[in-house]
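The next block holds one structure in the form of C-alpha cells; read it before the comments.
Any value given below was found using the heavy atoms of this structure, including those in side chains, with hydrogens, waters and symmetry copies removed.
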Amino acid sequence: MSLTQYKQKRTQAKTPEPFGGKAKSKGLVFVIQKHAASHLHYDFRLEMDGVLKSWAVPKGPSLNPSVKRLAMKVEDHPYDYRTFEGIIPQGQYGGGTVIVWDEGTYEPIEAVKGGKAAQEKHLLQQLKDGSLKFVLKGHKLKGEFALVKTKGMGDNAWLLIKHNDQHAANKDITLKDKSVVSEKTLEQVAKTSDNIYGQATQKTAAAKAPKKAAVKKAAKAVPAKKSPAVKKSELKSLLKGSTKRSFFTTVKPMLASLVDKAFDEKGWVYEVKWDGY
C-alpha cells in the first residue's frame, strides 16, 4: 500500500480531493468515476490493501465479452476518493469534472474462505501475477470481469474484459451517462456542483471563527480612484510608428516530431507526461 505517487502529484492546499481514509465496510468496494480531464476516461478503482487500486479506461467498460478495453494502471488512490464527485481545479493534476458513474461491492470469482482479509490476500496475489478475476455487484456493472496485464504494450497496460455470463450484452453501457449518486451528467455537475470535497471543511471553519463586534456607525465609503483617461494626443504618440493590421483568425499549433533518441541542446527542455498512453 502506497500513496506516495498520488501525494506527489497533488497539492492538498489547492486540490479539493481526499488524501486519506480507512476502509470500514465488511466487504470489498469498487467505484468507477467518469472523469472529463484533458481526455475523457473512466477511472476503474478496486479496494485492496486499504487503498483503491486504479486503472484509467479511455473508452469505458464494455458488457460484450469479445470487446477488450485498454486499462492503464495508474497510482493508488486513497479510500475516501471513492465518493468524490465534483470539480478539480484547472491547472491541478487531473483538472476537470468527476462523477461517480458506478459503485458497489466486488469479490474474487473463486470461492475464498476467511472473509475480507483472505479475499484481499487472494486478489493481491492475482494483481502481482497480472490476472485479476472478480465479480462486480454494482448499479450498472454486474457479473464476472477480468483485468489482464498485456505483453508488449508497456508495464502499465492492462485489458478490462467482461466474462460471458448472464450479465453479458451487446448494448453500450456507457450510454448510461448519469451519476449513480446525484443522477447528474458530467455537464450538469460542471455547471451546478457546489459540493466539492474540501469546501464543507472550509465553510465549517469559517462558521466557527469568532465574529467581530458590529460597528455602530457605518464607515463612509471611500470612492475608488478612477484611472486617468488617456488623451487622444497621447494615444497617437504611443501608436506612432506602428503598423495597422487585421486581427489574426488562424493559429498554427506547435507539433511534436518523432526522433530516434533524445538529445541535449541549449534552449531545449523536457517534461514528463504523467497521463494517457
Side-chain angles (χ1 to χ4, degrees), residues 3 5-6 8-10 15-18 29-48 51-64 67-104 106 127 130 132 134 136 138-141 145-150 153-162 171-191 193 196-197 256 271-277:
L3 296 176
Q5 285 184 311
Y6 176 86
Q8 284 176 344
K9 295 179 182 180
R10 290 155 178 80
T15 309
E17 297 183 56
V29 302
F30 85 93
V31 65
I32 300 176
Q33 288 157 309
K34 190 175 180 181
H35 189 178
S38 55
H39 297 284
L40 179 67
H41 63 278
Y42 295 74
D43 291 313
F44 190 97
R45 310 191 194 281
L46 299 174
E47 177 198 344
M48 215 179 298
V51 296
L52 299 175
K53 300 294 181 181
S54 302
W55 290 260
V57 185
K59 293 185 178 181
S62 173
L63 299 182
N64 189 339
V67 176
K68 298 176 177 61
R69 296 296 201 203
L70 179 67
M72 300 301 294
K73 185 79 168 62
V74 297
E75 71 277 3
D76 296 345
H77 278 56
Y79 181 76
D80 280 354
Y81 195 87
R82 75 198 188 285
T83 60
F84 178 69
E85 179 169 295
I87 300 170
I88 303 172
Q90 293 298 330
Q92 299 299 314
Y93 179 79
T97 310
V98 178
I99 63 171
V100 178
W101 184 80
D102 196 16
E103 64 177 359
Y106 84 104
L127 178 67
L132 275 165
F134 46 86
L136 296 181
H139 297 271
K140 297 175 183 176
L141 298 187
F145 285 81
L147 273 166
V148 182
K149 193 171 184 180
T150 65
M153 294 180 65
D155 293 338
N156 296 330
W158 293 61
L159 294 174
L160 176 63
I161 307 168
K162 177 74 182 79
K171 63 182 179 181
D172 185 357
I173 192 65
T174 62
L175 294 178
K176 293 186 176 183
D177 60 350
K178 292 185 178 180
S179 161
V180 295
V181 174
S182 65
E183 296 186 348
K184 293 181 179 180
T185 64
L186 273 171
E187 294 75 17
Q188 289 171 330
V189 169
K191 292 179 180 179
S193 179
I196 300 176
Y197 191 96
E271 62 179 14
V272 177
K273 180 171 174 56
W274 290 108
D275 66 333
Y277 60 92

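In this structure, V29 and Y79 have side chains that are in contact, with non-hydrogen atoms separated by less than 4.5 Å. A 4.5 Å side-chain heavy-atom check between Y42 and P61 finds at least one atom pair inside the cut-off. Counting heavy atoms from C-beta on, the side chains of I99 and K184 never come closer than 4.5 Å. The closest side-chain heavy-atom distance from E85 to V98 is not below 4.5 Å. Proximity of L40 to L186: side-chain heavy atoms (C-beta onward) are separated by under 4.5 Å at one or more points. Side-chain contact between Y106 and L132 is absent, with no heavy-atom pair separated by less than 4.5 Å. For the pair K59 and T174, the minimum side-chain heavy-atom distance is 4.5 Å or more. The side-chain heavy atoms of I32 and K140, taken from C-beta on, include no pair separated by under 4.5 Å.
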Inset, instruction - Report the C-alpha separation of L46 and W55 in whole Å, then their side-chain angles, then the decisive distance to 0.1 Å, and conclude whether the side-chain contact (heavy atoms from CB on, under 4.5 Å) test is met. - result: CA-CA 9 Å; L46 299 174; W55 290 260; 4.1 Å; yes

Inset, instruction - Start with the C-alpha gap between K53 and D76, add the side-chain angles, then the distance that decides, and say whether side-chain contact (heavy atoms from CB on, under 4.5 Å) holds. - result: CA-CA 5 Å; K53 300 294 181 181; D76 296 345; 3.1 Å; yes

Inset, instruction - List the steps and the verdict of side-chain contact (heavy atoms from CB on, under 4.5 Å) for K73 and L127. - result: CA-CA 11 Å; K73 185 79 168 62; L127 178 67; 4.3 Å; yes

Inset, instruction - List the steps and the verdict of side-chain contact (heavy atoms from CB on, under 4.5 Å) for F145 and L63. - result: CA-CA 9 Å; F145 285 81; L63 299 182; 4.3 Å; yes

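Here the NZ-CG distance, from K149 to L159, works out to 12.5 Å after rounding to the nearest 0.5 Å. The structure places CG of D177 at 10.0 Å from CH2 of W101, a figure rounded to the nearest 0.5 Å. In this structure, I161 CD1 and N64 CG are separated by 11.5 Å, a value rounded to the nearest 0.5 Å. Here L141 contributes atom CG and H139 contributes atom NE2; the two are 11.0 Å apart, rounded to the nearest 0.5 Å. Atom CD1 of I87 sits about 5.0 Å away from atom OG1 of T97, to the nearest 0.5 Å.
For the pairing with Q33, the side chain to side chain donor-acceptor pair (under 3.5 Å) check across E103, H41, H77, R45 returns one residue only, R45.
Between D102 and G138, the shortest heavy-atom distance links the atoms OD1-C, 3.9 Å. Closest of all the heavy-atom pairs between S62 and K162 is O-CB, 3.4 Å. In terms of heavy atoms, A71 sits closest to V57 at CB-CG2, 3.9 Å.
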